[in-house]
Amino acid sequence: MNPIYLEVIVVCLGITLLMVESFVSGIDKRLLAYGGIAGLGLVLAASFFIDPTLIPADARFYVADPLAIFFKRFALVATILVLVMSIDYAPVVESAIPGLGKGAGVGEFFTLPIFTCAGLMWMVSANDFISIFVSLELVTISFYVMVAYMRRSAQCLEAATKYFILGALSTGFLVYGITWIFGMTGQTSLAAIAEVLPTVPRENLMALMFGIALVLVALGFKVAAVPFQFWVPDVYQGAPTPVTAFLSVGSKAAGFVVLLRVLEPFFVLPVLQERLVLVLAVIAGATLIFGNLAALPQKNMKRLLAYSSIGHAGYLLMGVASVGAVMAGSAITFYLAAYLLMTFLAFLVLVVVSKVVGGAEIAKFNGLATRSPWLAGAMLVSMISLAGIPFTAGFLGKFLIFEAAVADGQYWLVGIGALTVACGFYYYLQVVRAMYWQPAPDDLPAIPVSLASKISMAALVLAIFVLGVYPQPILAMLG
Amino acid sequence: MTPQTAPWFILLTPLVVAAVILFFGKISKPFSAGLAIAGAAFTCVLSWWLFAMPDFTDPIRIEWIDFARLLGPESTFQFAVPIGVTIDGLSKLMLVVVTTIATLVFTYSVGYMAKEEGYSRYFAGLSLFLFSMLGIVLADNFVMMFIFWELVGVSSYILIGHYFTRDSAAEACKQAFTVNRIGDFGFMLGILTFWLVTGTVVFAELEAGIGAFPSSGWLVAACVLVFCGTVGKSAQMPLHVWLPNSMEGPTPVSSLLHAATMVAAGVYMLARIFPILLAAPGALEVIGWIGGITCFAAGLMALQQDDIKRILAYSTISQLGYMVLGIAVAPVWGVAMFHLLTHACFKCLLFLCAGSVIMGMHHEQNIWKMGAIKNKMPFTFVAMVIGGLALMGFPWITSGYYSKDLIIEWAWGVGPGWFWMAALGVLLTALYTTRLLWVVFMGGPRSEAAKKAHESPIIMVAPLIILAIPSIILGFPGIQQMFLAIDHPHDVPGWVPWMLKAFVFLGIAIVIAIYRGAPAKDPIVIPFFANRLYIDNLYAWIVRWVQDGTATASGFFDRWFVDGLCVQGGAKFTWATGFVLRFLQTGNLQAYALFFGAGVIALIYFLIAIS
Amino acid sequence: MLAFGAGVVFLRNPVSSAMCLVMAFVSLAALFVTLDAFFIGIIQILVYAGAVMVLFLFIIMLLDLKSEEARKLNVTAWIGGGVVLGGFVALLAKVLLGTPSLAALKQPLADPSLDDVRAVGFALFSDFNLPFQIVGVLLLAATVGVVLLSKKELK
Amino acid sequence: MTALSPLFYLTLLPLVTALFIMAGSNARLTARVSSVLMLVLSLVLLGSYRTAEGGFQFLSSIPVSESLGLSLSFGADGLSLAMLLLATIVTVSAVWVIPETVERANFFYACVMLISTGVIGAFASTDLLFFYAFHEVALIPTFLLIGIWGSGDRQAAAWKATIYLGLGSFVLLIGIMGLYLSGPAGMRTFDMITLREWAETGLLNPPDWVYLTLLFGFGSLVSLFPLHTWAPQAYASAPTPASMLHAGVLKKFGLYGMLRIVTPVFPEAMQTYLNLLLVLLVGNILYVGLVTIAQKRLDWMLGYSSVMHMGYIFLGIAGLNELSLSGAGVLMVAHGLSIAALFALSGALRERTGTLDFAELGGLGKSMPKLGLLFGFAAMASIGLPGFANFPGELLIFFGAMGASGGLAPGFQLNGLQITTIIAVWGVVISAVYMLRAYRKVFFGTMPERWAGLADISPVTRYSVVLLLAALMIIGFFPQLLLQYVTPSILLP
Amino acid sequence: MDAAPTLAHYLAVSGLLFAIGLAGVLLRRNILIIFMGLELMLNAANLSLVAFSRYHLTAAGMPNYDAQVLVFFIITVAAAEVAVGLAIIVALFRVRQTTHVEDLNALKF
């Protein structure tokens, strides 16, 4: 099967669901979500039967290399989990939009992620600035809508506005940067750029770098690198929780894939590589420090996860800055895979719990271990994996990243990384502390968990441990 | 039972006894006591039997640690610590002394401890002590000796601390152990030095190996370090302070451990390495001075003590000083061991008598609460006088006379300083011993208890009588030769022995003259002596200000600098940095845009700066 | 054009800003034409000056925005903004001046009878088919989103 | 595929137990039975180890990642078996002393079992990364144990210990990476046996920073001065089984790592930075010894004393010869047993009195003679009294460190190692001072009225402690028993 | 003499337009105006693109239509962005009755 059909099917699925939503009345809107999950699941299964060789090697806008295919699956899994989360979150959404009757407006909440998913899938396959631009914009614009979705909630809209303005700003920089790269190379295709780059006169390199810098700004915005991370805490906190999870995993992962792809041709020239790696390392260091340190005093779970997401971006950037080491690429990939598992697990539990306790403050988790030991256990697994305790996927991810950094001789970055890992212990264990040490407040209802959530949580916990011991499946998928 | 296996029976029986008492002691008091006494008597019999047997040269020896076996035969690395026994004249003599006195004291204890708490604990401790002491005696190498050295230390700790709920006893046992450990510090270093040079710790091989020392300085250093062990264990100056305090233990313990046997272990150890010491005259110099100073200074301290046991304790220190001096001055170890032998008998006797007095006085130990009890406790009185005379070295008829004068005569030839300290020590001995005997038994009763004093039961009196006999006869040349060989110095002027005899009589006379009436309290007060030359105070000061001071300072430093500033400060600083950093997230969109823009500028600036 | 652009930014009344924006777009279209990009110029006018600006004005009217009151001037923002802008312009100048190849003059076209609508259209539907479709999905998503966000009561 | 190593099952046993317990089985019974099983299994392993052959036995390996050279492999030589025995003995003891009154019992037992999994796994692994990973498993259970069931300022203690150890072990991880990466490219592996072979054949030439990173990484886990301040506070606050397992076994992980990896791979670097190590370990012995004297609470005193004793083991490691390294191995086992006994007893004491402040205690030997006696035994063991395993350990270390540079030659001057040894021997006095002082303050002297009616130690606790003491005495009497496992495993270059 | 405009002239104009747009974002507090500034930035990029396309002719001597296609996409995307952005602004205005950025400060630190 031609890999390109994957996206087509996903888009068709989205359109079908929209049609059903519009023209079939009186159904439970959750059916849409289940349909979406099933459809995406099928696509995921189909992704194992594709034949990448059907894509011509010189295809300009689309590659189906192992990296792309891996991240297509990644996007699919992420979207499935977002939909699972959305089902539990739907009542909150419903209450925050002006609707007539039950379930009004919820249907689109289930379908928009599917379009985003298609965007992500295209994005990871994009190997031309034009396709990068359009697929990235598809993702971004659908995120604008999703962040703003609960339009009766001032917080949500504030988050959306901030995201939108800064996102548009970064789009401006991206376009302007592409312009300059095009201007200096006459090409928009990454492969072509790599080809012509050695012939570019040296005097033009400065202007080329100007363009690269602007593109990096836009990608830095996507992956939440310092100093382009400012939107992250506010938007994560304000956005609907499933969207936050999607942002923090899907959007970031696609950003990293694009970052890797975009940087690759420019590393052809050693003079550019040296400078880029240095700047990336500085950005990585700053991101690590900012994300992890600013997370220390946080009291709100979503905001905490936002800062932690910046911190993780720092580790990933550390991997990007260590591209000199052979294992850097697979390290980043593995880290992202692990990050998906543990972040979604955290958000799943968060959605389930905050629906009952009404809020995302860490203090709301007090005594969860005695009230709902399984939920607390799942959260514990997620937190220790995020903190990087062995036998979890998070540990191996960190291990691979640091190993790449050590192999590449980025010692001071490794040093900063070690310190921030310790900070991570502190703030992740704050959650554990709340759940396990603190006494539970009385008179709270039991916490119901839907079957889909239960299955997802169990699967994620299992996956975290399995990948923590046996990373080979992921590493093998990268070929 | 062969002579080869007998030492092992001797060694292990008390250990088994101690273990059995520890686990099953609660069955009954007679069970504990009986088992302990039976064990001691068994070792005693075996010891005498062994004493009668000829020496043999192929003792059983097991390798406690053996690296040759661990690393395989091809390994060049050699290190072995055996557990073996030495059976020679020295160890056989010591075996006999230790087991015999132990048996007597064990028996005596039945009476003395009859009404005390911790009865089986007491007998378990005594058996443990006997095991450890026999280990020292039998040891054929330094490490084994050190092992048992430490074990006697701990059994001494247990027994001194028998009345552990008394604060004074609790402090005393702690002090005893700690001070001994200080001595052991040197001992251990000495052993290490010997091993470093000769590659062995076995006594027999050491003697052959001392030629390997690169310089005599190192040999002297090694010997002096080993001697530190003696200083601690045999309560020599300046580590003598623990012995008087150890009198907090039950009196039989004082008698057995802190008078007759354990404290003599130091001297025994010196005798054991005597051939090595002879090769290191510098070390003998140090040993002699320590011994001389100790026998004199301890005599001074004994003069002004009021506690019956403490007087005896200082006299023990003083006598141990003589023995140590004996090692330093004589060409054979027999001289020092001779005094050890006689001293073991008469000092044990004295302590047992003191115990009897204390029992009779209802646990009163202050001699100024006693008086005129000679008629009420006749056996005790006689026995104690015999012991006292032997201690003084009363001419011709006591064992102490022969052994002590021999050492002093040897000292004449080596150095006048040592000689005069030792000779004046004789006068001091006579003074404090007579004072003790006189105040306790003569004059008038000074308290109600003294009026109601009574003789002790037969089980306590019998050992007194048994011990009184050797206290007298052991010194007679004929009997002495049965136990050990000694040499007499040849160039001692004739007036020396007479002067010593005169000192004894002079001392007796002075005391009787002063204490003749029945003074209610000591007519002579010399605070310098009474306060033990202020050495204890000095140590207390050192412990309080130097040790505890540095400890407190270190603790403060650890808590507030290492932990407080560096660790917690670092953590707090990180947290605070995070706290400040997050204020960058002002929530204001335009500020974000501004920072964003600044980031863009910086990024462009750094990237286009390629050359 | 730059003046109009500045007007967008520095005029207080949103309506005037919007009108300036229209003028800026129109003049930009003129510049496109000078660069022989007629198709783009026309699109520029149609989409921007037409559709987008109408939308802007519509919203301004809908929200009934008054001119920005003389709120207290945020000095730090202006200083910071000035520095950033100054830095940006300086760096841009450095790049422009530091790259001699940019001083190139316009080369005449090989085929002056420019048929750029055809060329662009052909490119769009052949080579650029995939991005074009992605943009289609993008517009769909945007449409759905806008409906969701602005409809008064959702069904 | 070959059969899995029994070590694999030994590691799995506590993990499975923990899962069972969390799933709701009878915690007390399951844990007790399982702990005894573990001990039996480790004894069987010890018995079936062929000492004549030596080397690593019971090997099994499951490849995890070919590309990384990572595999879940188990295997044990004499040293690992000794440590496993220590781990299982202390586990039995720790599990059995858990009081019946403990709240959230299932969770508590599960945490204890998880710690046990971690230590056993660490000692049974021959793969460097899994060796590290197993150790980290214990981190979170410890955090929970201290935080939920601790005493005193438990929260501060839990935070400090967890973050300190987290950071320390991460530094260690970086060192491990450095070691791994200095292997020949393309063949890199985490297999410790291969790494040691490479070190011998010169294939593995890690730079010096790897040594320093490993030293400080392991050092912070072992509370090497000045990275020690987490330990006393954590031990003082942790519930008894946690302190026992942590101070007794888990802390030995770092030392085990030093013996296993650092000494065979870095003999030159160890010589280069010998003085650094010596200064630090003197800090442990002398400085921490003094700090121990200054402590005013029993639990803190024990915590600091355990820190101090680490100095001896480091001295053994610094000595870098058969004697001193064997001594270090023996002392590791001995210290683990004795400190576990001490913590078990002080925990029992705290249960009864509610305080461990010296100022409030006194004369307890009267109301609790058995506890006092056992404590006396354990205290004597810990200060290196002959008859207990600590003594041969210290003895070998002293001899080894003293003799490290060969014999005394003319013009001989003491070298740094020997001076350090002398200071270390003085440490024996220091340890006597603080231990006896503590014993005197708690069990001797006049007893305050309020403690008159206290019950003596319960039989279960008593036998748990007796188990530890018996092990100590057996090794103390017959050190060769342990040495025959430990010494041949001390691979010297 | 007044030479024909070079590429650099166009780029300078485009850069200044970009800067003006950026100024709008940085200095104005009305979200709508900020939004207009963003549009200016996109247009500036378009100008540069078209200029590059005209000055760097392809081998056939024609403008590089890749750039013009990209401009086409940018315009399309910008239009979609405007639509969504204005929708968000309207929604925000309905809830908060404001379009000033300073009023958006519920989420911080």
Side-chain angles (χ1 to χ4, degrees), chain B residues 22 63-67 69-72 75 77 79 81 121 143 146-148 150-151 154 157-158 161 164-167 169-171 173-174 177-178 181-182 184-185 188-189 192-193 195-197 199 212-215 218 547-548 550-558 562-563 566-568 571, chain D residues 159-160 163-164 226 228-230 233 287-288 290-295 321-323 326 363 365-366 369 373 376 380 384-387 391-392 395-396 398-399 402-403 407-412 421-422 425-426 428-429 432-433 436-437 439-440 443-447 478-480 483-484 487-488:
Chain B
L22 184 65
E63 296 294 340
W64 189 56
I65 292 174
D66 182 9
F67 271 69
R69 213 168 75 222
L70 293 173
L71 295 169
S75 163
F77 189 83
F79 178 78
V81 176
R121 170 159 54 89
V143 173
F146 185 84
I147 290 173
F148 289 99
E150 290 273 296
L151 287 178
V154 81
Y157 172 79
I158 294 168
F164 61 82
T165 48
R166 262 194 234 152
D167 286 323
E171 286 298 328
C173 64
K174 188 182 84 184
F177 197 95
T178 315
R181 275 246 155 159
I182 294 172
D184 294 349
F185 164 68
M188 190 67 197
L189 291 182
L192 286 172
T193 314
W195 174 77
L196 201 55
V197 177
F213 270 95
S215 70
W218 280 105
Q547 179 202 291
D548 288 3
T550 49
T552 310
S554 304
F556 188 84
F557 180 79
D558 203 58
V562 178
D563 189 46
C566 297
V567 176
Q568 298 194 24
Chain D
W159 280 122
K160 194 199 283 184
I163 291 174
Y164 213 119
H228 62 277
T229 52
W230 61 271
Q233 191 175 4
Y287 164 77
V288 176
L290 284 170
V291 177
T292 316
I293 293 180
Q295 295 310 307
N321 59 23
E322 288 88 340
L323 269 186
S326 304
K366 193 158 180 65
L373 180 71
M380 287 297 169
L385 190 79
F391 175 74
L395 190 78
L396 287 173
F398 293 154
F399 274 91
M402 201 54 150
L408 211 54
F412 173 82
T421 313
I422 294 171
V425 178
W426 179 255
V428 174
V429 179
V433 169
L436 294 181
R437 184 177 285 197
Y439 195 59
R440 182 250 177 281
F443 293 100
F444 285 3
T446 37
M447 182 171 68
F478 308 105
Q480 199 82 1
L483 283 173
Q484 64 173 327
T487 306

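Numbers restart at 1 for each chain; the letters A, B, ... are given by sequence-line order, proteins then strands.
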d(B:Ile147 CD1, D:Phe391 CZ) to nearest 0.5 Å is 4.5 Å
Contact part of D:Met380 toward chain B, heavy-atom cut-off under 4.5 Å: side chain, backbone, both or neither?
side chain
Applying side-chain hydrogen bond (donor to acceptor under 3.5 Å, both in side chains), name anything that partners D:Lys366, two or more places apart in sequence or on another chain.
B:Glu117
D:Ser326, part contacting chain B, at a heavy-atom distance under 4.5 Å:
side chain
With chain D, the option among B:Phe556, B:Tyr157, B:Phe146 that has the most non-hydrogen atom pairs under 4.5 Å is B:Tyr157
To the nearest 0.5 Å, what is the distance between CZ on B:Phe67 and CD on D:Glu322?
8.0 Å
Has D:Gln480 got a side-chain atom pairing as donor or acceptor with B:Glu63's backbone, closer than 3.5 angstrom?
no
Region of D:Phe399 in contact with chain B, defined by heavy-atom distances below 4.5 Å
both
Only counting residues at least two apart or in another chain, list the ones meeting side-chain hydrogen bond (donor to acceptor under 3.5 Å, both in side chains) with B:Glu171.
B:Lys174, D:Arg440
With a 4.5 angstrom heavy-atom cut-off, could you sort out which part of D:Leu396 is near chain B: side chain, backbone, both or neither?
side chain
Option that, when pairs with chain D are counted at under 4.5 Å, heavy atom only, ranks first among B:Leu189, B:Val143, B:Thr178
B:Leu189
Derivation of the side chain to side chain contact (heavy atoms under 4.5 Å, CB included) call for D:Leu385 and B:Phe177
CA-CA 11 Å; D:Leu385 190 79; B:Phe177 197 95; 4.2 Å; yes
Need one label for B:Leu22: side chain, backbone, both or neither, based on atoms under 4.5 Å from any heavy atom in chain D.
side chain
Check against side chain to side chain contact (heavy atoms under 4.5 Å, CB included), B:Val567 and D:Trp230:
CA-CA 9 Å; B:Val567 176; D:Trp230 61 271; over 6 Å; no
Which one of D:Val288, D:Val429, D:Ile293, D:Val425 has the most heavy-atom pairs closer than 4.5 Å to chain B?
D:Val425
Any sub-3.5 Å donor-acceptor pair from B:Asp558's side-chain atoms to D:Thr229's backbone N or O?
no
Given that the side chain runs from C-beta out, which part of B:Cys173 has a heavy atom under 4.5 Å from chain D: side chain, backbone, both or neither?
side chain
Less than 4.5 Å to any heavy atom of chain D: does that hold for the side chain of B:Asp184, its backbone, both, or neither?
neither
Using non-hydrogen atoms and a 4.5 Å limit, figure out which bit of D:Pro369 sits close to chain B: side chain, backbone, both or neither.
neither
Per the side chain to side chain donor-acceptor pair (under 3.5 Å) rule, which among D:His228, D:Lys160, D:Gln233 passes with B:Asp563?
D:Lys160
Bottom line for B:Gln547: the part with an atom under 4.5 Å from chain D's heavy atoms is both
Taking side chain as everything from C-beta outward and backbone as N, CA, C, O, which of these in D:Phe443 sits under 4.5 Å from a heavy atom of chain B? Side chain, backbone, both or neither.
backbone
So D:Trp426 and B:Phe185, would you call those rings parallel, tilted or perpendicular, with 30° and 60° as cut-offs?
perpendicular
Rounded to the nearest 0.5 Å, how far apart are CZ of B:Arg69 and OG1 of D:Thr487?
11.0 Å
